[in-house]
Amino acid sequence: MKLVGFYAKDNRQDTEYIPRRRRRRNWRPLLVLVVFLAIVGILIWAVTSLVRWHNSRVTEPIELEYIGDIPIYEEYMPENSPGRPGQKRLVEWIVIHETDNFSPTADAAAHAAFLCSLGPDDDPRSWHYTVDDHQIYHHLPDDEAAYHASDKLNPHGGNLNGIGIEMCVNEGGDYEKTLENTVQLTAKLMIEYSLKSKDVQTHQHFSSWDKPCPAKLLEAERWDEFLSRVESARDELIEAEREAERRAQAREDSILPGFLYDLLHHENSET
């Protein structure tokens, strides 16, 4: 027994003591999760900020006096009119209408007078331009919303973000000339507000009940023709503006005095 105990004691003494290593905690997955959540948070903030910025943009309105030789008369609706919400917005659309008023006297001036006469008990209605065969009336600044597209003030809708143009169809009026004047006005507005052909739409496009407007144009299946004419007019206006810029630069670069340059290039400038 003593012998066994002796050897057992010696064995315990000869065994080397190895301390147990403390297990290190792996923080890498937690760090990856924190970085991931931070990136997601930044992306959500960036997208939200971009949406808010986009929705808060407001168009800088233009004031046109003529489209070619057609005068544009500015006769704004009263600020307290039920048809003038006064909400500033970004122009995203041009919305084409027809008045459906066939009275011989229902020209652009008559519609301007009608809009200005609306009282607090009248239904809210408004648009930006009325076009007939010899004149155009401007009823609201282009940067204000109006009630013409039958879609309330829905975001990115015809009312909130569209310029409403009404074409007169009064008896005795020249509808083809009215149509051409509308083509030229639409083309000019497209240039000024950087709009494309897809941004020119009918009232029917926005109407929840598919209102057939502009009725005469749609019934005759001439909408594609209208858009094609607008595109051509826009291209011609752009080219005319570029040519005017080239002539202005040539005049500035000329060694001739301005009055003498104008005299020598009088025929070209008229052309």
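A 4.5 Å side-chain heavy-atom check between Ile96 and Pro214 finds at least one atom pair inside the cut-off. Contact check for Val95 versus Thr202: no side-chain heavy atoms found under the 4.5 Å cut-off. Residues Thr99 and Met167 form no side-chain contact, since every pair of their non-hydrogen atoms from C-beta on lies 4.5 Å or further apart. In this structure, Trp93 and Leu195 have side chains that are not in contact, with every pair of non-hydrogen atoms separated by 4.5 Å or more. Between Leu217 and Tyr175, some side-chain heavy-atom pair lies under the 4.5 Å cut-off. Residues Ile94 and Met190 form a side-chain contact, since some pair of their non-hydrogen atoms from C-beta on lies under 4.5 Å apart. In this structure, Ile70 and His134 have side chains that are not in contact, with every pair of non-hydrogen atoms separated by 4.5 Å or more. Side-chain contact between Gln204 and Lys211 is absent, with no heavy atoms from C-beta onward closer than 4.5 Å.
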Query raised in the report: Should Arg242 and Glu245 be marked as a salt bridge (Lys or Arg N to Asp or Glu O under 4.0 Å) after you check the CA-CA gap, both sets of side-chain angles, and the distance that decides it?
Result: CA-CA 5 Å; Arg242 289 175 179 170; Glu245 291 175 357; over 6 Å; no

Report task. Go through the steps for Glu243 and Arg246 under the test salt bridge (Lys or Arg N to Asp or Glu O under 4.0 Å), then give the verdict. Result -> CA-CA 5 Å; Glu243 180 62 25; Arg246 287 193 291 266; 2.6 Å; yes

Requested in this report: List the steps and the verdict of side-chain contact (heavy atoms from CB on, under 4.5 Å) for Val200 and Thr186.
Outcome: CA-CA 8 Å; Val200 181; Thr186 302; 4.0 Å; yes

Report task. List the steps and the verdict of side-chain contact (heavy atoms from CB on, under 4.5 Å) for Tyr76 and His139. Result -> CA-CA 4 Å; Tyr76 288 165; His139 315 294; 5.6 Å; no

Query - Evaluation steps, side-chain contact (heavy atoms from CB on, under 4.5 Å), between Cys168 and Glu98 - result: CA-CA 6 Å; Cys168 291; Glu98 286 175 0; over 6 Å; no

Report task. Given salt bridge (Lys or Arg N to Asp or Glu O under 4.0 Å), test Lys88 with Glu144 step by step and report yes or no. Result -> CA-CA 5 Å; Lys88 302 294 183 178; Glu144 285 191 23; 3.8 Å; yes

**Report entry** Verdict with reasoning, Glu171 to Ser103, per side-chain contact (heavy atoms from CB on, under 4.5 Å)
**Finding:** CA-CA 6 Å; Glu171 293 181 4; Ser103 171; over 6 Å; no

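The environment of CD in Glu239 is crowded: more than 12 heavy-atom neighbours from other residues, nucleotides or ligands sit within 6.0 Å. Atom CD of Glu221 has 12 or fewer neighbouring heavy atoms from other residues, nucleotides or ligands inside a 6.0 Å radius.
Side chains of Glu166 and His111: no donor on one and acceptor on the other come within 3.5 Å. With no hydrogens or angles considered, no side-chain donor-acceptor pair links Gln184 and Asn181 at under 3.5 Å. Under 3.5 Å, the side chains of Asp142 and Tyr129 contain a donor-acceptor pair of N or O atoms. In this structure, a donor-acceptor pair under 3.5 Å is present between the side chains of Asn159 and Asp151.
A distance of 6.0 Å or more separates the ring centres of Tyr73 and His138. Taking the six-membered ring wherever Trp is involved, the centroid distance between the rings of Trp127 and Tyr147 does not fall below 6.0 Å. Aromatic rings of His97 and His148 (six-membered ring for Trp) have centroids within the 6.0 Å cut-off, being under it.
Counting all heavy atoms, side chain and backbone alike, Pro78 lies closest to Arg84 at O-CD, 3.6 Å. Among all heavy-atom pairs drawn from Met77 and Leu115, the shortest one is CE-O, 3.7 Å. Taking all atoms of both residues into account, the shortest heavy-atom contact from Ala187 to Val230 is CB-O, 3.8 Å. In this structure, Phe102 and Val169 approach most closely via the heavy-atom pair CD2-O, 3.3 Å. Nearest heavy-atom pair across Pro124 and Pro82 is CB-O, 3.1 Å. The minimum heavy-atom distance linking Thr178 with Asp133 is given by the pair OG1-N, 3.1 Å.
The other members of the hydrophobic cluster of Ile238, by chain and number, are Ile191, Leu237 (side-chain heavy atoms under 4.5 Å, ILVMFWY only).
Taken to the nearest 0.5 Å, the CG atom of Leu64 stands 6.5 Å off from the CG atom of Leu189. Put simply, CD on Glu74 and CG on Leu140 are 10.5 Å apart, with the number rounded to the nearest 0.5 Å. Rounding to the nearest 0.5 Å places CG of Leu160 at 9.5 Å from CG of Leu90. The CG atom of Leu179 sits 6.5 Å away from the CZ atom of Phe226 when rounded to the nearest 0.5 Å. Between the CD1 atom of Ile67 and the CD atom of Glu180 there is a distance of 11.0 Å, given to the nearest 0.5 Å. Asp132 contributes atom CG, which lies 9.0 Å from atom OG1 of Thr182 (distance to the nearest 0.5 angstrom).
Leu37 and Leu31 end up in different hydrophobic clusters when Ile, Leu, Val, Met, Phe, Trp and Tyr side chains are linked at under 4.5 Å. Put simply, Phe114 and Tyr137 are part of two different groups of oily side chains (I, L, V, M, F, W, Y) that touch within less than 4.5 Å, one to the next. Hydrophobic clustering keeps Val47 apart from Ile39 (ILVMFWY residues linked when any side-chain heavy atoms are closer than 4.5 Å, directly or through intermediates).
For residues 189-209, the salt bridge (charged side-chain N to carboxylate O under 4.0 Å, His left out) pairs, not counting sequence neighbours, are Lys188-Glu192.
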